[in-house]
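Basis for what follows: all heavy atoms, side chains included, without hydrogens, waters or symmetry-related copies. Computed from a prediction, not measured in an experiment: that's the story for all the values here.
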Amino acid sequence: MSVLTSGLNEQQRAAVTAGDGPVLVLAGPGSGKTRVLTYRLAYLLREVGVHPGAIVAVTFTNKAAGEMRHRIETLLEGRVKGLTIGTFHAICARLLRREAEHTDRRADFLIYDTDDQISVVTQALNDLNLDSKKFHPRRMLNTISSAKNELIAPDQFRGRDYFGEIAGRVYQRYQELLISSNARDFDDLLMDTVMLFRDQPEVLARYQRFYEYLLVDEFQDTNAAQYLLVRQLGEPQNNIFVVGDEDQAIYGFRGADYRNVLQFRHDFPAAQVILLEQNYRSTQIVLDAARAVIDQNSQRTPKALFTERTGGEKIALYEAYSEQEEAEYVVTMVEKMRRKESLAYRDFSVMYRTNAQSRALEEAFIREQIPYKLVGGVGFYKRREIRDLLAYLRLINNPDDSVSFGRIINVPKRGIGKKTVDDFNAWLAKQRIGCGAGLEALVNGETAGLGASVVKKLVEFARMMQEWRALAAKGDLLALMDDILSRTGFTLYLHESSDTPEEARDREDNVQELRGVLGNRKETPLNEFLEEIALVSDVDSLAESADAVTLLTLHSAKGLEYPVVFLTGLEDGVLPHIRALDEPDGVEEERRLMYVGITRAMHHLYLTYAFRRTMYGESNPSTVSRFLRDIPAQLLDGMSTRLAQSHKEKRYLDDVTWESTPTTSSRTPRKQMALPLPEKPKTRFRSGQRVRHAKFGDGVVVESQVRAGDEEVVVSFKSVGVKRLAASFANLVMLDE
């Protein structure tokens, strides 16, 4: 047995030593995916004798590419020259520079970042005499990016509505400006390479001869352009080795399409399919819970995850009254487990669906003086939009707060530029007065040596501040915040200043979380509230190696592992997220997020949810996440009455429902029944159907099932959110058949 295969299990060895031709490796979480990729590369180089220059290995981050190269060189005890390892974008950029004579740009082309792209889109709008306030540059850029990811060129773009028609014109002009500037954006790197290969078959043939073997990591995260690139470069030998897991596809919002895994099997029917099912991370109880959740999804390859670490502690389940009590439970259990198991703080991780949920957790950790660090984000009260709104409150509280004045005087933009602010500050210094007194002087007729139009804008700002101070004196901080948001157009500003719609919605969630904080402090004077916030947000930043509990979103958790994991906020509307309920595949992607979170746990897993949670500024009773109902009761410790009732109902449905297409693993035999199979209860409503309710208005059906003789319909309404209704009483009107 080779040194390169002696330490591998049977499935890993089969993947590493697979012969020529297409190979699809479906790697469950914690199954040694990176090891298999690395050993496969080393095996091709040492055992098969493939020249390093004939291999391309594609990763999704530069960090992953560097780590893979380091591992290869460690395995082979030396540097490997000529081996191509990199991201799709890096490899395509190199190739386009090399083949510049066949493209519409020179070899020294620039690569524009997001800020550059926004500038080009704005110029395109101006060139077309279009209002950039009406047609937001960032929204236009997102539309263009989506088109490029789907390989839709400007002359092929067809808008479905008026905005789409305008976007098509802007896309055309945007691309003309890129070409004239000898520049490409990141999407061009992929699309232009695909188009080069399509239009220049001799160029493609040269690279197909040059690259004999192609290896791709995280295949479930590829988009349409990347998938086609893999097919183009892989022909005609089709020595394509892809590793992925459709169950861990959680980046659909970035354009990734997990269905590429299924498409690969369709396009390469002779492909070897190898399942990596042995887990080296978690206990069997954790794996059983993860399987129970993910088995409910369709369009996937069942995997029987197993580990030699049989058994394990039951999964702790906790129902808190509110998000504050939930956070208190987490910090209490962290300290208890740390002492009991002799663990370090870095052994603990707390995960949540949205960044806004970190606020209550951060406050609890600070209060108990437990060190923590945020992954992929900044502290709640240090986020830009929160700091902006707190600056408004600080200036209302203290009219002479020059720092807050400088931060928000033109946020959102109101036509007051840096020169105006500098001139005004110089006048204040000369008069030896603060900005509050200076603004009041402008209201009373002073010009401060400024132009009439600028003075008018400053006076408007000053009068708003006066009105807000009067509102603050009444003691309703939430009403004050709502007036600030409305009069400044802050929500529109969030969308205009965000790179993606997802970022804008995330920032909106943060603003709504702040509204919730203010709503819970109705009796607190403004100055006392600001003092509380100042103390909470005054946390020293921690070094990466610091011993601290990790707080992170589920989207940031992929690829990580911790001895103890807390999954918080397990309620419908949070996980699954309320926005996902309106999308055809939304709930399934949210289920994959839950699966990723569960499988991060090595030894101990805690699942928490709140009876009430403040969302969008209002505190309402919550519904236990439907995903929790999928976990068998025998795996859980601490089941609440509400969840126990949900499990009871689910067991009843399982007894009277027959699924024609099993979703469980083929290794798990289904229960055999000697009696005639009962028919599945028929429902009038289907998922995705549009309906109308006399009180709640229009909505979309999320799911529908028969319970105790009546049809229970879960509907997402635009006006009131998600409601669970009995069809016999709701009198829903079907808007489409």
Side-chain angles (χ1 to χ4, degrees), residues 115 133 378-379 381-494 496-497 507 510-511 514 518 524-538:
D115 288 340
K133 293 182 179 179
V378 294
Y381 291 108
K382 294 184 178 181
R383 292 167 192 165
R384 180 170 48 143
E385 59 277 8
I386 300 303
R387 288 172 67 91
D388 289 341
L389 291 172
L390 289 178
Y392 272 98
L393 296 180
R394 287 173 55 183
L395 192 60
I396 291 167
N397 182 64
N398 176 10
D400 288 322
D401 182 351
S402 59
V403 173
S404 295
F405 172 77
R407 182 179 185 94
I408 61 164
I409 186 59
N410 202 38
V411 174
K413 289 184 179 180
R414 49 178 62 92
I416 301 174
K418 183 178 182 300
K419 185 178 186 308
T420 297
V421 175
D422 289 343
D423 291 344
F424 181 57
N425 285 334
W427 179 78
L428 292 177
K430 187 175 181 181
Q431 301 299 316
R432 296 186 177 180
I433 58 176
C435 56
L439 289 173
E440 187 175 347
L442 295 181
V443 172
N444 294 329
E446 175 64 56
T447 64
L450 303 172
S453 63
V454 172
V455 170
K456 181 181 178 182
K457 292 171 183 174
L458 286 169
V459 167
E460 289 174 356
F461 179 79
R463 285 179 174 153
M464 277 198 307
M465 281 290 161
Q466 291 174 345
E467 293 170 15
W468 286 332
R469 286 187 191 105
L471 192 56
K474 296 179 180 179
D476 192 339
L477 298 184
L478 181 57
L480 172 63
M481 177 56 62
D482 284 344
D483 202 60
I484 294 171
L485 294 171
S486 174
R487 295 180 67 175
T488 61
F490 202 81
T491 300
L492 178 61
Y493 155 73
L494 290 180
E496 291 178 339
S497 58
R507 296 175 71 195
N510 290 334
V511 171
L514 179 61
L518 292 166
T524 306
L526 178 57
N527 63 324
E528 290 184 17
F529 170 74
L530 290 172
E531 184 177 331
E532 289 177 19
I533 297 306
L535 293 174
V536 165
S537 59
D538 186 21

Nearest heavy-atom contact between Val455 and Thr447 is CG2-O, 3.6 Å
Correct closest heavy-atom pair for Ala448 and Leu442 would be CB-CD2, 4.0 Å
May I ask you to test the Phe461-Ile408 pair for a side-chain heavy-atom distance under 4.5 Å?
yes
Rounding to 0.5 Å, atoms CZ (Arg487) and CE (Met464) come to a distance of 6.0 Å
Distance col, row Phe490:CZ vs Glu385:CD, nearest 0.5 angstrom, shows 7.0 Å
Side chains of Leu526 and Leu530 in contact at under 4.5 Å (non-hydrogen atoms):
yes
Residues passing the side chain to side chain donor-acceptor pair (under 3.5 Å) test with Asp476, sequence neighbours excluded, are none
* Asked: Distance-only, no hydrogens or angles: does the Thr488 side chain make a donor-acceptor pair with backbone N or O of Ile484 under 3.5 Å?
  -> yes
Under 3.5 Å donor-acceptor pairs involving side-chain atoms of residues 390-402, not counting sequence neighbours:
{"from": "Tyr392", "atom 1": "OH", "to": "Val411", "atom 2": "O", "distance (Å)": "2.6"}
{"from": "Tyr392", "atom 1": "OH", "to": "Arg414", "atom 2": "NH2", "distance (Å)": "2.9"}
{"from": "Arg394", "atom 1": "NE", "to": "Asp401", "atom 2": "OD2", "distance (Å)": "3.2"}
{"from": "Arg394", "atom 1": "NE", "to": "Ser404", "atom 2": "OG", "distance (Å)": "3.4"}
{"from": "Arg394", "atom 1": "NH2", "to": "Asp401", "atom 2": "OD2", "distance (Å)": "3.4"}
{"from": "Asn398", "atom 1": "OD1", "to": "Asp400", "atom 2": "N", "distance (Å)": "3.1"}
{"from": "Asp400", "atom 1": "OD1", "to": "Cys435", "atom 2": "N", "distance (Å)": "3.4"}
{"from": "Asp400", "atom 1": "OD1", "to": "Gly436", "atom 2": "N", "distance (Å)": "2.8"}
{"from": "Asp401", "atom 1": "OD1", "to": "Val403", "atom 2": "N", "distance (Å)": "3.3"}
{"from": "Asp401", "atom 1": "OD1", "to": "Ser404", "atom 2": "N", "distance (Å)": "3.2"}
{"from": "Asp401", "atom 1": "OD2", "to": "Ser404", "atom 2": "OG", "distance (Å)": "2.6"}

TODO: Starting from the C-alpha separation in whole Å, work towards a yes-or-no answer on side chain to side chain contact (heavy atoms under 4.5 Å, CB included) for Leu477 and Met481.
DONE: CA-CA 6 Å; Leu477 298 184; Met481 177 56 62; over 6 Å; no
Between the CG atom in Leu480 and the CG atom in Leu471, the distance rounded to the nearest 0.5 Å is 5.0 Å
Practice prompt. Could you check whether the rings of Phe405 and Phe424 sit parallel, tilted or perpendicular, using 30° and 60° as the cut-offs?
Written response: tilted
Between the CH2 atom in Trp427 and the CD atom in Glu446, the distance rounded to the nearest 0.5 Å is 4.5 Å
d(Arg384 CZ, Arg507 CZ) to nearest 0.5 Å is 4.0 Å
Separation between CG (Leu439) and CD1 (Ile433), nearest 0.5 Å, reads 9.0 Å
- Task: Verify, without hydrogens or angle tests, whether Asn410 (side chain) and Gly417 (backbone) share a donor-acceptor contact under 3.5 angstrom.
- Result: no
Sorted by chain and number, sequence neighbours left out, side chain to side chain contact (heavy atoms under 4.5 Å, CB included) with Glu440 holds for Asn444
Review point. Is it true that Lys413 and Glu496 make a salt bridge, defined as a side-chain N closer than 4.0 Å to a carboxylate O?
Key: no
